[in-house]
Protein chains: 2
Amino acid sequence: MNIHRRISRFLFAVLMLPAFSSAQEANLGQYVKPLIGTAKMGHTFPGATVPFGAVQLSPDTDTIPYSVDGKYTGDVYRYCAGYQYDDPTIVGFSHTHFSGTGHSDLGDILVMPSQGKVLLNPGTADRPQDGYRSPYSHDNEVAETNYYKVRLDKHNILAELTTSTRVGMHRYTFPSNKQSHLVLDLTSGIYNYDGKNVWTVVRVLNDSTITGFRQTNGWARTRTVYFAIKTSKAFKNYGAKYFDSNVQYKGFWRKFNQQDNFPDLAAHNIKMHLDFDTEAGEQIMMKVALSPVSMKNALTNMELETPNWNFDQVVTKGKQAWEAELGKFKVDMLNKEDLINFYTSVYHANLMPTVYMDSNGEYKGLDQEIHKAEGFVNYTSFSLWDTFRAFHPWLNLVDPKRNADIVSSMMAHYDQSVLKMLPIWSHYANDNWCMSGYHSVSVIVDAIMKGVYQGDAEAALAACVQTAKARRYEGIGEYMDLGYVPDDVNGTSVSNTLEYAYDDWCIAQLAKKLGKADIEAEFSKRAENWKNLYDKRIGFMRPKDSKGNFREKFDVLETHGQGFIEGNTWNYSLYVPHQPKEMMEVMGGQKRFETYLDSLFTMHLPDKYFEHTEDITREGIIGNYVHGNEPSHHVAYLYNITKSPWKTQERVRQIIRNQYHNGAAGLGGNDDCGQMSAWYLFTSLGFYPVSPGSTAYWIGSPLVKSAEVKLSDGKVLKVLAKNQSEKNVYVQKVLWNGTEIKDFLINHEDIIKGGELSFLMGSKPKK
Amino acid sequence: MNIHRRISRFLFAVLMLPAFSSAQEANLGQYVKPLIGTAKMGHTFPGATVPFGAVQLSPDTDTIPYSVDGKYTGDVYRYCAGYQYDDPTIVGFSHTHFSGTGHSDLGDILVMPSQGKVLLNPGTADRPQDGYRSPYSHDNEVAETNYYKVRLDKHNILAELTTSTRVGMHRYTFPSNKQSHLVLDLTSGIYNYDGKNVWTVVRVLNDSTITGFRQTNGWARTRTVYFAIKTSKAFKNYGAKYFDSNVQYKGFWRKFNQQDNFPDLAAHNIKMHLDFDTEAGEQIMMKVALSPVSMKNALTNMELETPNWNFDQVVTKGKQAWEAELGKFKVDMLNKEDLINFYTSVYHANLMPTVYMDSNGEYKGLDQEIHKAEGFVNYTSFSLWDTFRAFHPWLNLVDPKRNADIVSSMMAHYDQSVLKMLPIWSHYANDNWCMSGYHSVSVIVDAIMKGVYQGDAEAALAACVQTAKARRYEGIGEYMDLGYVPDDVNGTSVSNTLEYAYDDWCIAQLAKKLGKADIEAEFSKRAENWKNLYDKRIGFMRPKDSKGNFREKFDVLETHGQGFIEGNTWNYSLYVPHQPKEMMEVMGGQKRFETYLDSLFTMHLPDKYFEHTEDITREGIIGNYVHGNEPSHHVAYLYNITKSPWKTQERVRQIIRNQYHNGAAGLGGNDDCGQMSAWYLFTSLGFYPVSPGSTAYWIGSPLVKSAEVKLSDGKVLKVLAKNQSEKNVYVQKVLWNGTEIKDFLINHEDIIKGGELSFLMGSKPKK
């Protein structure tokens, strides 16, 4: 009797099996493997953090040499999270990391322990002896919730990391040496290039306290990270070096020797070393608190969050915070690998956006002024083009208070915006304008439609409308005039048009809810704009110029230079999530549409179309379906409107099996700030928000055998998949609280009241 | 009957003569000529400001091309105040200026009106047509208290300037043109060099409001000026250009056309233009408010200080503030030129330091944190090496509340200093470490000894002691160990030693007053350190190395490279203001000392010793006595301790007649933030604070015929010089409230009770 047969036979009994069930486990953190996604294109980081913490203290194995004119001199995408699992050396431990992005900016305040001669350059992976970096082995590496440990082989130093929301705590165990150091590289960032460091200030307040700030011009144009540092042992000496060539005016500061034990430092680029005597096995701890506002606030954050030197206590407190998030889910799955994928997805969907305010509520706004968040937690780092799809809807379901605060943060951003625009891709008091659409609109509307955001809905609508009329941004002006973004005006004219049309539909929904008939009419019309770029002749969305002519030379398989962003027209032609049935009609009706989907998932995509594709691995592609990028995340669910919903069930299980693994290379593409994980989580539970802004979820095929999800107000969503197995991916019947669902739709309003979504699974499609 | 005879005959009657007396004048501002000192080395600025105002809105006729490695590519000293009277063009009007310094940093937010094609570069003086600068004529220029007017000939635009404490107000009268502009050069500073502009942010809030900040790395290492700008007329268009070569990371901001009407700008170097249609004679006004803290605070400053567009009202209010300062003095003088010199000196002694806090009391501290001044007005720009001598003592006499606030500002600076040092030469949340000594000590001790500073005297003493023990600064460590600064350690070892010894004596005085016998003893001993560098063999102060050997090769006339700063040993050997009689003994007794002084004032100084002298004109020298630099400011008074006090009387009148004139070139050297003017004012009244920290004033020879000076608490100091005339410079008798003064000393304690200091003047020395 193999294990699968046992499972199907003793469905309830197996809930007790430790390897397969989390229900009775006190320690759900054991299923979280932060190393998942750290190889290849996952771009996750393995280090320590608490849920949505402002500090992500994590090892960097390299940083990206990057040219200011936009020419990359290295593999620019490789180091977005600072860490690549296959790298042989660790450069140091820095305090800020995005999770799963395809671009970076962070890696602030890099710390590295060393011994012997002070080396202030990182060295290279093939010659670590030339710099402060060290070889390491995964055998000596532990990555857990809020805890990371690694042995640095060069000097046999054990490094341990943990965090509170705004403080990174380091514990280094040194061998005996009269020349032990902590190198503080304040020039280092995950993207390094001349001129990135605009200004840096360091003040050594006493023999164990340092404050300062680091101001950069990068993906965020004007970004300042204030910090406060304390060491558990007084440093006996310290030194600093400016790396400013001749750009810095020195003035009468040249009166001082600023290199040795000089406490008042300021330059574009500063590196420091703190020197200690250490006995064998001596532990030196370091706390690094961050603030978006001031050094003073950073010190206060440290005092409030980590008042003492109890490293283990900080680990435990953070682990408890993780258990609280993980504990919202009791799942029973087919195997331990799935449990790990599930809880690691929960983990990855609890990293970003990050808290962006001090313990006193102060933060630096988009207007570069200091604000105080009144009545909400202010968040930053909104990768909205990714996260509007499933991540924010996921929060609306399982963590609505947090998403409400996120919407409040977006509204604050809007209020501070001189462009009068909601965030596009915002981080650290800036918009970096990456990717496309104005998908804050989707997030806000979804949160209001689902009753999650209780703030001023009319103000929110006004902000959405204003953003949707930002004529100067990415062809919006022409879009408003012509009904589409013209190819001659904008390089991603088709994807922009499609995404705007979806966002416009969201606005219409909110306007309708608020009784604003004129706005509803205006944006309902705009929501149809996707039709303007559908070329019936070829059966695909296609770029059109200002004069109304479709582009002649057009490659339906190519992603680059065809009018789309991170997707070809084969995928993007399906991007009408708000009007899927109309789309199906336009595309030739149910049958032809089903064939189109079949082709997408099965066709052969020649390698040449993959060569320059960003953010995904070759394995991230099923036929021509690209799961590693986001535009098709809803696509597998579209079979539900054909006569073959069983193909949705088949495909979503296929995608899960194909795209989500336990290894370091377990993610087929960038996790994209939790979007990939949120897709997994929804899909595992058996439903998905195809069109946020609508309260409908589309039924797929659950992966769990059973699940209990804590909702608000003590309500619980139970999911039960009878006869669940590796082969039984086909839904024979689905019931909500005992009533059969025939249209493969279930509503948010129903789910949040609590109840049981029960599937009967089978090995054959139910046609 | 010539006028002089009339005066001596009808002493009281002449008080009514308008040309010679201020007593009955409502408008004392008529005697203030801001253009005095704007030619050659005075380094004053002619523009508009209110007393100690944070904004000095003044024309710049050129800025200094300056190399970051310290090599000057132009005449670096020429443009410290931005304006040189002999220049043929005006570059623009900027908002911050030092008065009378020998170095600069300011010139923030340069505004220039223009018409026609937009030119964003300044052009050159010989080809103004290539840039935005304009020729002008002094015939069309008016400079008054808080009002400056000039016609800009290039486009026939009339420019008028006025200010409140934190706001500069411009009024431009344009000819008719569809292309009238206000150019906003945010890259310009009085010292310009690559890399000076660290970061600039601009936000165009609406068609008539702009906010932003400008962060520079210059004489002040980390300086940020926040601003808010409003125009009286909406601009129809605006544009901006970044001048960052390839240093700025552009990121996805390249999606925007940031040049035309784009409201969200940030770069290292930004220039803007605001465009208007103007009718003939149309006036466009502009308000520019500054803040050391935030754009928000700048806006608030504007709203509170200049809520409307009544330019004339702002002029009047500022003029009234000036009348209040000038009106503290009712003087009767020998001629109108003297009245102008007197009131212009009062004016120049009311410019710096400047208010450095917002209307809500907030300011950025030395620690780069935001602080709130509680119970005092926070000031910045302390040129202490200059101003400790007479300027601060002058405030202690005529404006004690202000000097108390200045001491409070110094103490706040100390509290914020990670080096634990009082200011040396501080401006805008920085110390620039220019010049020598730790003369905050002198200012603080003088203010406490004279009962002016009512704050915590023990804390003040502790700050003084700590500063005097800053071993790493300018040879203080060696000075403490050896009793002098060694020549091999420091390039200005002798002047440092002499100045430290004087400051140490100040500390001893305060310690004595507070009953701190150990500190008194320690610093009384240090106060004698001047003796360690007196070389009896040659009769001068002389550099000595660490081993105790005097330097072999030594030029007693040379200023440079001899161990002194801005003075040769002939002058500096007299720098023992606190122990003049001991100095006299060491130098060979009364007779030899008198001969030394006689020689100083009469000897021939070969031209070669003048060639490289800073900050003074050739005319600023009397023999080898240099009045244009400060170290000898007390010297003329030293005859009082010889048997020939009449030589003091002769020399001080000679210096006044030689050094202070009405013309643009009227000052023989840098006014040095009011020090030269304060010397004039004290000396005009007939006494001088030879050794601040002591409450004694040394009697000289008054220039006034009579004066009434308002002191605190309604007290009045009257000075009466009977038989005053151009020739009658010799004091025959001097009485305080009727009692004869025989030792040529008068005490501060006595003066502030009010009374009459009455001189009987004569044409012959009273020997």
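Residue numbers start from 1 in every chain, and the chains themselves are labelled A, B, ... in the order their sequence lines are given, proteins ahead of strands.
Using a 4.5 Å cut-off between heavy atoms, A:V201 touches chain B through its side chain atoms alone. Neither the backbone nor the side chain of A:V293 comes within less than 4.5 Å of any heavy atom of chain B. For a residue to count as touching a neighbouring chain, one of its non-hydrogen atoms must lie under 4.5 Å from one of that chain's; by this rule B:D260 touches chain A with the backbone only. Contacts between A:N430 and chain B at a heavy-atom distance below 4.5 Å are absent for every atom of the residue. In this structure, chain B has a heavy atom under 4.5 Å from the side chain of A:E474, while its backbone stays farther away. Residue A:F262 touches chain B through both its backbone and its side chain, counting heavy-atom pairs closer than 4.5 Å. The contact between B:Y473 and chain A is made by backbone and side chain atoms together, counting heavy-atom distances below 4.5 Å.
Taking the six-membered ring where the residue is Trp, the centroids of A:F252 and B:W425 are separated by 6.0 Å or more.
Annotation: salt bridge (Lys or Arg N to Asp or Glu O under 4.0 Å) contacts involving residues 198-215 of chain A, sequence neighbours excluded, comprise A:D108-A:R214.
A search for side chain to side chain contact (heavy atoms under 4.5 Å, CB included) contacts involving A:T187 returns A:D185, A:N197, A:N269, A:K271, not counting sequence neighbours.
Taking chain A as the reference chain and counting heavy-atom pairs below 4.5 Å, the highest number among B:I424, B:D367, B:N432, B:L205 is found for B:D367. Contact count versus chain B (heavy atoms, under 4.5 Å) is highest, among A:F213, A:W253, A:W199, for A:W253. Interface summary for chain A: among B:Q368, B:H268, B:M295, B:Q215, the most heavy-atom pairs under 4.5 angstrom belong to B:M295. Across B:A266, B:G195, B:S417, B:A267, the residue that shares the most heavy-atom pairs under 4.5 angstrom with chain A is B:A266.
Using cut-offs of 30° and 60° for the angle between ring planes, the A:F256 and B:W433 rings count as perpendicular.
Proximity of A:Y249 to B:K196: side-chain heavy atoms (C-beta onward) are nowhere separated by under 4.5 Å. Residues B:R472 and A:P263 form a side-chain contact, since some pair of their non-hydrogen atoms from C-beta on lies under 4.5 Å apart.
At least one donor-acceptor pair closer than 3.5 Å links the side chain of B:K296 to the backbone N or O of A:I370.
Across all non-hydrogen atoms, the minimal contact from A:S294 to B:E369 is CB-OE1, 3.1 Å.
Atom CG of B:D264 is separated from atom CZ of A:R221 by 5.0 Å, given to the nearest 0.5 angstrom. The structure places NZ of A:K255 at 8.0 Å from CG of B:N490, a figure rounded to the nearest 0.5 Å.
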